[in-house]
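For reference, the structure discussed in these notes is given below.
Since the model is a prediction, treat every value here as computed from it, not as a measurement. Within every chain, numbering begins at 1; the chains are lettered A, B, ... in the order of the sequence lines, protein sequences first and strands thereafter.
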Amino acid sequence: MAKILIVEDEKTLNEAYRVVLEKDGHNVISAFDGEEALELFKKEKPNLVLLDIRMPKIDGIEFLKRLDSLREYPDVSVIVFSNLDNQKEIDEAFESGATRYILKAWSSPKELSKVVSETLDSKKEK
Amino acid sequence: MPIIKDTLHSPISPSLLAKLPENAFQTICDLLPVVVGVYNINTGKYIYINKAIRTMLGYEPEQYLEGGIPFVASIVHPHDRPLLKLQSDQFLKNANTISSNHTGDEPVMSVEYRIKNSKGRYIWLHTERSVFRRRKGKVEYVLNVTFDITKHKKLENKFFQSATKAETAERFVLAHKAAKVGTFEWIPSSDTFIWSSELAELYGINKAPISTSYQEWLNIIHKDHRKIVEEEMKSTVKNSQPTYAEFKILKADGSYRWMLGRGELIKGSGKQPDRFIGANVDITDRKEIEERFRSSEQRYRAFIKNSSEGIWRMELEKPIPINSSVQQQIKHLYKYAYMAEANNAMAKMYDFKNVKDLIGLRWGDLWVGDDPMNINFLKSFIKSGYNLTNAESHELDLNGKDKYFLNNFFGIIEGDKLLRFWGTQQDITDQHYASEALKKSEERLTLALDASRLGIWEYDIVNNKLEWSLRLRKLFGLKPDEEITYEKYLSRIYPKDLPKLLENISASLKTGRGYQIEHRAIHPDGSIHWLLGQGRTLMIDGKPVRMIGTSINIDVRKKAEQLRVKMASLRAERKELIEINRTKDEFIALTSHQLRTPATGVKQYLGLLLENYTDPLTKGQKIFIEKAYENNERQLRIVDDLLHIARLDLDKVNLRKVESDLFEIVEDTIASLKGEFNKHKLKIDIKSTEKPFIANFDGEQLRMAIENILENAANYTREGKKVSVTLNKTKSGRTKIIVKDQGVGIAEKDFPKLFQKFSRISNPLSEGTNGTGLGLYYAKKIIELHGGSIIVNSKLNSGSTFTISLPK
C-alpha cells in the first residue's frame with residue numbers, strides 16, 4: 001500500500017499501468033509531462049515514481065535534476081520506465097537518482113507489479 | 001874521435017884518452033852534464049850510458065841498458081820519430097860506405113828531437129852522433145852525446161813568436177783598416193780619450209785629434225743612444241764586464257753612421273791607471289740591410305695582415321708520417337692540426353671579431369668533416385705531395401653558416417714527416433651559391449625548354465606570309481614541307497572553338513594585345529588534340545605589321561583536368577551516397593523507436609487481458625489473444641534488432657572490452673534460452689578447456705551475438721538433436737567459440753547470404769521461425785568489431801558449425 005506517481009505522456013500506457021498498480025492496492029496519481037510531474041510530486045509526496053524519459057516540456061532526466069537528484073527525498077524510489085536503451089541515457093538516469101531502469105517493451109503487467117513491490121520492499125528494509 | 005861541442009870548451013887529446021883506463025873514462029863521463037851513450041849496432045843494445053841520464057830525463061841507466069833502441073824509440077816524440085829514424089839510417093848507411101880505406105875523422109850527425117822524460121814531459125834534446133869501428137870495416141858501435149836544449153828552444157820560440165806577433169799585429173791593423181775598425185783608449189781618471197787614426201777616419205775627422213775629453217767623443221753619438229752608451233761604459237769601468245753597444249754617430253760630413261762599439265777595462269797596476277780599451281766598427285751597411293729587411297719584413301707582414309686573401313699557417317702537435325695511409329693522415333690532421341697564425345682576412349672569412357680567436361682552433365672546428373668535397377680535397381692534398389692549388393673546400397664559420405673557399409695548400413716536409421702547412425684562401429661563398437642557383441635555373445630552363453615543345457609561328461601581315469616552325473606543323477599534324485596559309489590553319493581548328501579564337505585574333509590585330517586560348521585542333525587522321533595557342537601583334541603607327549605566337553600541346557594537361565573533374569564528381573557522389581545511407585540508418589533507428597511505443601501499448605493491454613486484470617477470458621478467447629501477444633512480442637523483437645543494427649551501422653556502438661569469464665556469459669545465455677530449447681526438445685551443452693575462461697570482450701554485446709547464433713542453431717535443428725558449444729584457446733592466445741548443431745545444414749551456395757540483413761534461407765522445418773533475419777548479421781558485426789571473425793562450415797543434412805575467433 002503506497003502512493004505511486006506515474007509519469008508517462010502516452011495516455012494508454014499511463015492507464016494500463018494504473019490498472020495494474022491499483023489492483024495491487026496502491027494509491028496512484030498520474031502526470032502526463034515533466035512539469036505536471038514536478039508539481040504533483042511536491043504536492044502529493046509519493047513513495048515511488050514510475051518515470052518515463054521522453055516527455056514534452058521537461059523530460060524524465062530534467063525532472064530528477066530539478067529534484068536535486070532526490071537528495072532530500074531518501075525514502076522515495078524512482079523506477080525509470082522507458083524504451084530508450086542506450087547506455088548514455090541509462091547512466092544519466094542512475095546518476096540523477098534513479099533506483100531502477102526498466103525497458104517498457106519488455107515488461108508485462110505481471111513484471112511491472114513485481115518490480116514495483118520489490119522496490120518498495122527494499123526501501124522498507126533500509 | 002868526435003868533438004864534443006858546446007859546454008865543454010877544451011878539446012881532449014885523443015892519445016891521452018886512449019891511455020886512460022875504462023873506469024876513468026866512465027868517471028869523466030859521469031861528471032859531464034851531458035848524456036853519453038854507446039850502443040852496439042848489431043845487438044841494438046846500449047853498452048854504456050852515463051849518470052847524466054838521471055838528471056836530464058829522470059831515467060836509470062839500467063832502463064837504457066836493458067831496453068836498448070826499442071826503449072829509446074818509444075820515448076821519442078811521435079812527430080820526431082820519422083825524421084830521427086830517417087836521419088839515423090841515412091847516417092849509418094853513409095858511415096858504412098866509407099869504411100874500407102877510412103883514415104880520418106868519422107862522420108858526425110846532428111839531430112834535434114823531443115824525448116819524454118820519466119815524468120811524461122817532453123824535453124828538447126840535441127844529439128851529436130858518431131861511430132866506432134873495432135876492426136877496420138863495418139861500424140860496430142854508435143856513440144851519442146846528448147844535450148838538453150829545452151830552454152834554448154823556449155827562447156827560440158819566443159823570438160819566433162814575437163816576430164809573428166808583430167806580423168800579425170800589422171795584418172790585424174790592415175784588416176781593421178779594411179773592416180773600418182777604429183780603436184781608442186779612454187782613461188776615466190784623467191778624462192782622456194785617445195783616438196787612433198782609424199777611429200778618426202771612421203768618424204770623418206781629417207785632422208786626427210790625438211786626444212779629446214770623454215764628453216767630446218760622447219757628443220758625437222746620436223742623442224738617442226748617448227745615454228745608453230755612457231751607462232754601458234760606466235758599468236764596464238765599475239765591474240769590468242765588457243761593453244757591447246750599437247749606436248749612431250754624426251759623422252763630420254753630416255751623415256749618420258751606425259757603429260758597433262766593444263770595449264774592455266784594463267786594470268792599471270801600481271802607478272798605471274785603469275784604461276778602457278775600445279774598438280768601433282762601422283756597421284752602417286749591415287744596419288741598412290737589416291733595416292731594409294725589417295722594413296720589407298714589415299711590408300711583408302703588413303701585406304699579409306691586410307691582404308684580402310686569407311693567409312694562414314697550421315702547425316701539427318704531432319708531425320704526420322707521410323708514409324701512413326691517406327685515411328690515417330686525414331684522421332691525424334683532424335686530431336693534431338691547429339691554427340698557429342692567421343691574418344685579418346681569415347678572421348673576417350670565419351666571422352671572428354679578432355684574429356686571436358682563430359689561433360688554436362683545430363681542423364675539425366672549421367671544416368665540415370663528412371662533406372665529400374672536403375674529404376676529396378684532403379685526399380688530393382695528400383696525394384699531390386702536399387701541394388694543392390685552386391681547390392674548393394666547404395667550411396663553417398663562427399655562426400655555423402656554410403662557407404666555400406678556394407684554397408692553396410703548401411705542406412712543409414722534413415725527412416718523412418709533415419711538420420706544418422700554410423696556405424691562402426679566397427672566400428667564394430657567394431660565387432658558390434650563385435653558381436648553384438645558376439645551375440638550378442639552368443636546369444629549370446633546360447627542363448622547361450625540353451618540356452615546352454613550343455611550336456612557333458610568325459605572320460608577316462604586310463606581305464601576307466605565314467611561317468610555321470617544324471614543331472608547330474607537328475602540333476597540327478601537318479607535313480614538314482606542306483604549304484600553310486591562314487585559311488588552312490583555321491580549317492584545322494575544331495569548329496566549336498573557332499568563334500572564340502577568331503574573336504581573340506581580331507582583337508589582337510586591332511589593339512596589339514596578346515591572347516591566350518585553349519582550343520582543339522583536328523589532325524588529318526581525324527584525331528582531336530588540345531592546344532594552348534598564344535599570339536601577339538606588332539603595331540607600327542597603329543597598324544598591325546606582324547603577328548607572332550606559339551602553340552603547345554596540352555592533351556596531357558587536359559586529360560588530367562578531366563580526370564580531376566571526374567574524380568571530384570565521383571567523390572561528391574560517394575559523399576552523397578554515404579549521406580543517404582546514413583540518413584537511412586537514422587530513419588530506421590528513429591522509426592523503430594517510434595514503433596516501440598504502440599507495440600508496447602499492445603503488449604500491456606494484451607497482458608492485462610491475459611493476466612486477468614479484467615473480466616476472465618474464455619478458453620477460445622485466451623488462445624487467440626495469446627497468439628496476438630506472441631506476434632506482438634515478435635514485432636518488438638524486430639524493432640529491437642533494427643535498433644541494434646542501425647546503431648551498429650551508424651557506428652554508434654562503442655565496445656566496452658573487459659576481461660571477464662566467457663564461460664559464465666555463455667552459460668548464462670544458454671540458461672536464458674532454456675525455454676526455447678525445451679520447446680524444440682533440443683539438448684545443449686557447453687564444454688570449455690578452462691574454467692573460468694578469461695578473455696577480453698564486451699560482455700553485453702557478445703552475449704547478444706552468441707544468443708543470435710544459438711537461436712539460429714535451435715531454429716534449424718530437428719527435435720531431439722543436440723547443439724554443442726565449445727570454448728578453447730589457440731596457441732597464440734586467441735579465443736575460439738565453436739557452435740555445432742545437428743541441424744538441417746546450409747547449402748554452400750547460400751554461405752555468402754547467411755550473414756546478410758534480412759536474408760532468409762529456405763528452412764525445410766515446417767515450423768516458421770521467430771527469427772528476424774537480422775541475427776547473424778548482427779552477430780558478425782559485433783564479432784568483427786571485436787577484431788575477430790566468424791566462419792561457417794556446413795553440409796546439407798549433416799549440420800553446421802559456426803566458428804568464432806576472437807583476438808587476445
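Both the backbone and the side chain of A:Glu15 come within less than 4.5 Å of a heavy atom of chain B. The part of A:Ser113 that comes within reach of chain B is its side chain, from C-beta onward, which places non-hydrogen atoms under 4.5 angstrom from that chain. At a 4.5 Å heavy-atom cutoff, the contact between B:Thr597 and chain A is made by backbone and side-chain atoms alike. Heavy atoms of B:Asn632 lying under 4.5 Å from chain A are absent altogether. When heavy atoms are compared at a cutoff of 4.5 Å, B:Tyr605 approaches chain A solely by way of its side chain, counted from C-beta outward.
Of the residues considered (B:Thr614, B:Leu608, B:Leu636), B:Leu608 shows the highest number of contacts with chain A, using heavy-atom pairs under 4.5 Å. Chain B forms the most heavy-atom pairs under 4.5 Å with one residue out of A:Val19, A:Val20, A:Leu112, A:Leu103, and that residue is A:Val20. For the options B:Arg596, B:Glu633, B:Arg656, heavy-atom pairs under 4.5 Å to chain A are most numerous at B:Arg596.
When every heavy atom of B:Glu611 is checked against every heavy atom of A:Pro109, the shortest pair comes out as OE1-CB, 3.1 Å. Across all their heavy atoms, B:Gln604 and A:Ser108 have their closest contact at OE1-C, 4.4 Å.
Expressed to the nearest 0.5 Å, how far NZ of A:Lys110 lies from CG of B:Leu610 amounts to 9.5 Å. Once rounded to the nearest 0.5 Å, the distance linking OG1 of B:Thr600 with CG of A:Leu13 reads 6.5 Å.
Other residues, nucleotides and ligands contribute over 12 non-hydrogen atoms within 6.0 Å of the NZ atom of B:Lys657. In B:Glu664, the CD atom is not crowded: 12 or fewer heavy atoms of neighbouring residues, nucleotides or ligands sit closer than 6.0 Å. Residue-environment remark: CZ (A:Arg18) exceeds the threshold of 12 foreign heavy atoms within 6.0 Å. Within a 6.0 Å radius of NZ in B:Lys584, other residues, nucleotides and ligands contribute more than 12 heavy atoms.
B:Lys603 contributes no side-chain N or O that, together with a main-chain N or O of A:Lys104, makes up a donor-acceptor pair within less than 3.5 Å.
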